[in-house]
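Here the structure is laid out as structure tokens; the discussion comes afterwards.
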Amino acid sequence: MNLAKTYTPNQYEPMTYALWETAEAFAPTGEGRPYGVVMPPPNANGDLHIGHGLDMTLKDILVRHRRMKGDDAIFIPGADHAGFETWVVYEKKLTKEGKNRFDFSREQLYAQVWDFVAARRGDMELQLRALGVGASWQHSVFTLDKKVIDITYQTFEKMWNDDLIYRGERLVNYCTEHQTSFADIEVEHETVKGKLYKIAYPLLENVGEIIVATTRPETMLGDTAIAVHPDDKRYKHLVGSHVQLPLIGREIKIIADSYVDKDFGTGAVKVTPAHDPNDYDMGQRHDLDTIQVIGTDGHMTNEASQFAGLDIATARKRVLAALEASELLRGEEPIEHSVAHCYKCKTVIQPLLMDQWFIRTRPLADKAIERLEAGEIKFYPASKKKEVVNYLKQLRDWNISRQIAWGIPIPAFVNINDSNDWIFDTRVEENTIIVNGTTFKREEDTFDTWFSSGQWPYVVTDALNEGELSRFFPTAVMETGSDLLRQWVSRMIMLSVYRTNQVPFKDVYFHGMVNDEHNQKMSKSKGNVINPMEMVSKYGSDAFRMGIIANRSPAANQAFSPSSVVAGRNFCNKLWNMARYIEGKLGSAYKFQPPKPKTTADHWVISELLSAADRVTAHLDKYRFSEASEVVYQTIWTSVADWYIEASKVDTNPDMLAWVLDTSLKITHPFAPFVTETIWQALPWYSNGTLLTLEKWPKPIDYSEISAGQFEQLQSLIGEIRIVTGNMPGNKKYTLLYGVDTLIADNTELITHLGKLKGAEQSENASGVRLASYSREAWLDIDKSTLDEYSSNLEIRLSETHKEIKRLQERLNTPSYLDRAPEHLVEETRQQLAEKEALVGRLQAEIEVINH
RNA sequence: GGGCGCUUAGCUCAGUUGGCUAGAGCAUCUCGUUUACACCGAGAGGGUCGGGGGUUCGAGUCCCUCAGCGCCCACCA
């Protein structure tokens with residue numbers, strides 16, 4: 001025997017993967033319809049989390065299935081430099097070593113992080129292999145590979161020339177902790193409890209004061225106006241006059257702007273264009289000065305006069321104290337409001353005025369919306385399409401500058417004598433360049449990671465250069481987490497339409513978040529994080545794969561249930577043992593031959609397996625992963641193991657057994673690649689130097705539907721026998737007695753075995769329990785003492801059957817049902833009624849026999 | 001403030017365009033060690049599909065409404 005008693009995954013998985021990899025089994029063949037899937041590149045510096053486990057499994061199932069169906073299939077892997085994410089990790093490391101980013105040049109930092117990531121990248125890739133991800137490793141792309149940078153630069157240049165890029169001073173989201181700006185989407189808004197302070201500003205031309213309300217008193221130092229609503233009667237007469245800015249003494253104007261809400265606070269608002277987006281907009285409208293009082297280090301600037309150098313929190317306290325001392329603080333009240341935070345360190349985001357690079361998104365978004373509305377991409381679930389469109393409709397310009405070293409440098413240089421004179425140039429390794437006699441200095445910032453990742457599908461397939469993999473663009477499907485809908489998917493669509501005039505993928509499937517087993521979000525602080533690699537080493541990769549896709553629907557945040565992984569583990573063992581049984585029956589000298597079905601079970605199992613193969617394909621083509629794996633699980637366990645293998649013990653057909661296992665392995669392979677390949681390799685009549693993963697999906701073979709139907713009749717007879725004898729104590733065995741019945745007569749051994757009977761005999765005058773659900777005559781020779789218990793059971797069945805008959809009759813007596821329901825349903829109802837009526841007859845006869 | 005989604009067996013969830021006795025895994029109970037498998041086999045119990053109303057011949061499925069829960073978006077100082 002080549003197969004051990006129990007399947008121990010850890011023992012086989014690495015070897016099996018090595019076999020695939022050595023054979024380059026996951027490289028595209030160039031034959032068949034191209035089916036390309038790109039991997040959302042995992043962070044090269046990180047470990048895979050449970051979400052990756054789901055994400056990778058889903059894509060791997062699709063690709064393996066399509067490959068077996070004969071497509072030219074490829075799963076293109078990648079690794080992400082994860083700009084900001086990795087930068088944060090590396091900066092922590094520097095801090096631990098007592099250093100900081102200012103100790104090094106940009107080049108030095110870049111080189112250090114490169115080495116840091118290179119050392120870790122292999123771990124992530126090993127973990128992907130452990131999950132059984134069948135990726136074409138020779139085509140792996142790192143997000144800082146030359147070809148990625150080249151295309152990113154091309155796109156930037158094209159946008160520059162198309163006037164889609166601009167550099168400008170704008171209010172950006174800035175994290176003073178990480179000292180970099182963020183795109184709007186990278187900022188988390190959180191409702192916090194704060195205070196609304198009321199501050200009096202003395203009027204200059206008039207007597208009295210005007211009171212404003214603010215949650216950020218320290219920014220008053222940078223106020224350049226007071227705004228009121230133009231229709232506000234309370235203040236109308238003051239518009240155009242001036243107030244004196246407390247603590248600073250600056251004279252500022254009162255302006256009218258319809259942005260102001262008359263009913264909020266005092267109806268008057270201080271305007272700080274340098275530190276608030278709305279104020280910035282008002283500043284633009286009214287041509288106000290911008291005075292920056294908070295610096296990029298999170299401390300007050302020199303503009304803050306006596307508060308200069310203080311951090312924000314201290315400045316706030318001091319400002320409030322100073323106002324109080326001047327008797328200008330007119331109260332405070334608690335308020336709940338939404339505040340932007342850094343998604344990584346939770347520091348409050350400062351809106352700061354900075355020179356940054358922006359993409360004009362409107363033209364890009366509009367084109368993307370056109371394509372989406374034309375239905376060029378199918379969304380699973382469909383509701384997500386609206387979400388993307390809505391997002392694109394309100395999208396504002398995209399800040400792509402990041403003040404970190406770990407990323408793709410922005411290829412732009414500025415004239416050292418004219419800060420508005422920028423040129424595009426890719427010589428980013430130079431600090432300065434001379435063009436036409438003028439010296440230009442390099443931009444220090446790098447690109448937002450999502451600017452390059454947003455180009456991923458056409459970059460990795462070399463679609464712009466008509467490379468080796470360009471036939472896979474647009475890719476077949478993008479499968480990713482619904483959290484990336486805006487951040488990534490929307491940008492891929494925009495950028496792809498812009499660069500290639502094509503949508504980047506035909507389908508998008510979103511999976512949801514994987515929560516813990518009590519449906520709580522996994523988090524380090526809660527301590528409920530489940531590590532996929534631990535699950536893999538405990539239960540096996542296949543078990544994990546089957547467990548994590550079970551009972552899951554698209555885009556829903558759902559619990560991870562370890563019991564499903566246990567079920568997956570048990571399933572793998574079941575399959576393994578089925579193979580062991582068949583191995584024992586066939587022997588190692590067996591030569592594979594096309595099967596000739598003989599028994600009813602043979603015909604039936606062919607029909608079951610072929611139907612399962614079709615249903616799996618139909619489900620997977622619609623991304624119904626749970627349903628597809630459910631078909632495999634039930635077919636293998638119930639139809640094949642419980643029915644067919646048991647039946648085959650009575651009448652063994654070696655070629656059938658070999659075909660049944662062959663087909664079972666094939667339909668299971670996309671879901672549980674390791675155990676199926678391991679079995680395939682262990683059985684010489686299959687492997688013979690081949691790989692299961694490169695085998696084709698099962699093809700139909702001939703069988704008789706009539707014979708298959710006869711097996712179903714036998715199943716219902718056996719089912720009835722089991723119902724009668726199922727819960728009876730002891731080992732007493734009964735004999736089946738039957739009338740003239742060739743089906744039973746031809747299958748007495750089968751019925752005896754599966755029904756655990758003493759035997760089956762033909763009898764003219766049978767007595768005992770008549771098996772009511774079998775349409776012809778069959779009895780069990782049950783003795784009087786057990787009959788009584790059974791007869792109460794019969795009464796229940798009789799009354800239930802009467803109820804069903806009543807229901808069916810009511811339906812058939814409803815004229816509108818007969819008129820409006822489809823013909824075949826009405827016919828079905830009639831047949832059911834006839835069957836139930838016949839059953840009632842048999843049940844009544846049985847009860848009479850027992851009672852006499 | 002806006003948008004989306006969820007509520008089905010003790011637990012975690014399926015249920016494809018409305019079709020008739022609502023399914024799975026795990027858990028529970030009974031019986032069973034038949035030489036592939038106790039990570040097993042056979043059988044059983046358990047749900048008025050969150051409440052209410054409507055459309056329809058027919059509703060877990062479509063519509064309205066109420067209640068509870070969750071997620072996402074958002075520049076009210």
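Chain identifiers are assigned alphabetically (A, B, ...) following the order of the sequence lines, protein sequences preceding nucleic acid strands; residue numbering begins at 1 within each chain. What you see is a predicted model; the values in this text were computed from it and never measured.
Across all strands shown, B/U61 remains unpaired; no Watson-Crick or G-U wobble contact has both distances below 3.5 Å. Pairing for B/C31 goes to B/G41, judged as Watson-Crick or G-U wobble with the two contacts each under 3.5 Å. Shown here, B/G46 forms no base pair; nothing in the strands shown gives a Watson-Crick or G-U wobble contact with both key distances under 3.5 Å. When both distances must be under 3.5 Å, the Watson-Crick or G-U wobble mate of B/U55 does not exist. Base pairing of B/A22: no nucleotide in any strand meets the Watson-Crick or G-U wobble criterion (both distances under 3.5 Å). Across every strand in view, B/A67 sits in a pair with B/U7 that passes the Watson-Crick or G-U test at under 3.5 angstrom.
Straight-line distance between the P atoms of B/C62 and B/U7: roughly 11 Å, to the nearest whole Å. Between B/A67 and B/U28, the distance separating the two P atoms is 40 Å to the nearest Å. Comparing B/U48 with B/C72, their C1' atoms are spaced 35 Å from each other, to the whole Å. The gap from the C1' atom of B/C73 to that of B/U55 amounts to 34 Å, rounded to the nearest Å. The same atom, C1', is picked in B/C4 and in B/G19; the two are 30 Å apart, to the nearest Å. Across B/G70 and B/C31, the matching C1' atoms stand 44 Å from one another, rounded to whole Å. Rounded to whole Å, the separation between the P atoms of B/U61 and B/U17 comes to 13 Å. Using C1' as the reference atom, B/G2 and B/A24 are 38 Å apart when rounded to the nearest Å.
Of the candidates A/L171, A/D223, A/T219, A/T219 is the only one forming a side chain to side chain contact (heavy atoms under 4.5 Å, CB included) with A/H275.
The phosphate of B/C40 has OP1 or OP2 within less than 4.0 Å of a side-chain N or O from A/N570. Put simply, A/R486 has no side-chain N or O that comes within less than 4.0 Å of OP1 or OP2 on B/C72. Between B/C75 and A/H189, a contact under 4.0 Å exists linking OP1 or OP2 to a side-chain N or O. In this model, the phosphate group of B/U34 is not approached by any side-chain N or O of A/K733 to a distance below 4.0 Å at OP1 or OP2. When the side-chain nitrogen and oxygen atoms of A/N390 are compared with OP1 and OP2 of B/C72, none of them lie within a distance under 4.0 Å. A close approach under 4.0 Å does occur between a side-chain nitrogen or oxygen of A/W637 and OP1 or OP2 of B/G41. In this model, the phosphate group of B/A77 is approached by a side-chain N or O of A/H337 to a distance below 4.0 Å at OP1 or OP2. Residue A/K574 places at least one side-chain N or O closer than 4.0 Å to OP1 or OP2 of B/G41. Remark: A/Q558 is in phosphate contact with B/A14, judged by side-chain N or O atoms under 4.0 Å from OP1 or OP2.
Rounded to whole Å, the distance from CD on A/E188 to P on B/C72 is 8 Å. Atom-to-atom, CH2 of A/W643 to P of B/U34 comes out at 20 Å; the value is rounded to the nearest Å. Here B/C73 presents its P atom at 12 Å from CG of A/L484, a figure rounded to the nearest Å. Whole-Å rounding puts the A/N519 CG to B/U7 P distance at 12 Å. The CZ atom of A/R580 sits 13 Å away from the P atom of B/U35 (whole-angstrom rounding). To the nearest angstrom, P of B/C75 lies 12 Å from CD1 of A/I185.
Here A/Y7 lies out of heavy-atom contact (under 4.0 Å) with every strand. Note on A/E630: only backbone sugar-phosphate atoms sit closer than 4.0 angstrom, heavy atoms only; bases stay farther off. Residue contacts for A/D281: at a heavy-atom cut-off of 4.0 Å it reaches no nucleic acid atom on any strand shown. Contacts of A/P815 with the nucleic acid, taken as non-hydrogen atoms under 4.0 Å apart, are absent. Base engagement by A/A641 is indicated by at least one non-hydrogen atom pair under 4.0 Å involving a base atom. Across all strands shown, A/K803 has no heavy atoms under 4.0 Å from either base or sugar-phosphate atoms. Note on A/A550: nothing from the nucleic acid sits closer than 4.0 angstrom, heavy atoms only. Contact annotation for A/K585: no contact, since no heavy-atom pair falls under 4.0 Å across all strands. Residue A/R216 is classed as having no contact, given no heavy-atom separation below 4.0 Å to the nucleic acid. Among the heavy atoms of the strands lying under 4.0 Å from A/V260 is at least one base atom, whether or not backbone atoms are also near. When heavy atoms are screened at a 4.0 angstrom cut-off, A/T272 is found touching no nucleic acid atom at all.
Among the nucleotides B/G25, B/C39, B/C71, the one closest to any side-chain atom of A/N557 is B/C71. Each of B/C39, B/C26, B/A74 was ranked by its minimum atom distance to the side chain of A/N573; first place goes to B/C39. Checking B/A14, B/A42, B/A36 against every side-chain atom of A/I645, the shortest atom distance belongs to B/A36.
The backbone N or O of A/R216 lies less than 3.5 Å from a partner atom in the side chain of A/T214, making a donor-acceptor pair. A/Q558 contributes a side-chain N or O that, together with a main-chain N or O of A/S553, makes up a donor-acceptor pair within less than 3.5 Å. A/E810 places no side-chain N or O within donor-acceptor distance of the main-chain N or O of A/R807, the cut-off being under 3.5 Å.
The ring of A/F671 has its center no closer than 6.0 angstrom to the ring center of A/F625. Ring centroids of A/Y581 and A/W576 are separated by 6.0 Å or more, keeping the two rings apart.
Taking the six-membered ring for Trp and thresholds of 30 and 60 degrees, A/F182 and A/Y343 have ring planes more than 60 degrees apart, a perpendicular arrangement.
Residue-to-nucleotide contacts include no donor-acceptor pair under 3.5 Å from the side chain of A/K622 to the base of B/U16. For a distance-only test at 3.5 Å, the side chain of A/K198 fails to qualify as a donor-acceptor partner of the base of B/A77. Judged by distance alone with a 3.5 Å cut-off, a donor-acceptor contact links the side chain of A/E646 to the base of B/A36.
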Give the C-alpha distance, both sets of side-chain angles, the deciding distance and a yes or no for side chain to side chain contact (heavy atoms under 4.5 Å, CB included) between A/L196 and A/E332.
CA-CA 5 Å; A/L196 188 65; A/E332 55 179 61; over 6 Å; no
For the pair A/L683 and A/L661, evaluate side chain to side chain contact (heavy atoms under 4.5 Å, CB included) and give the outcome as yes or no after the intermediate values.
CA-CA 11 Å; A/L683 302 179; A/L661 181 57; 3.6 Å; yes
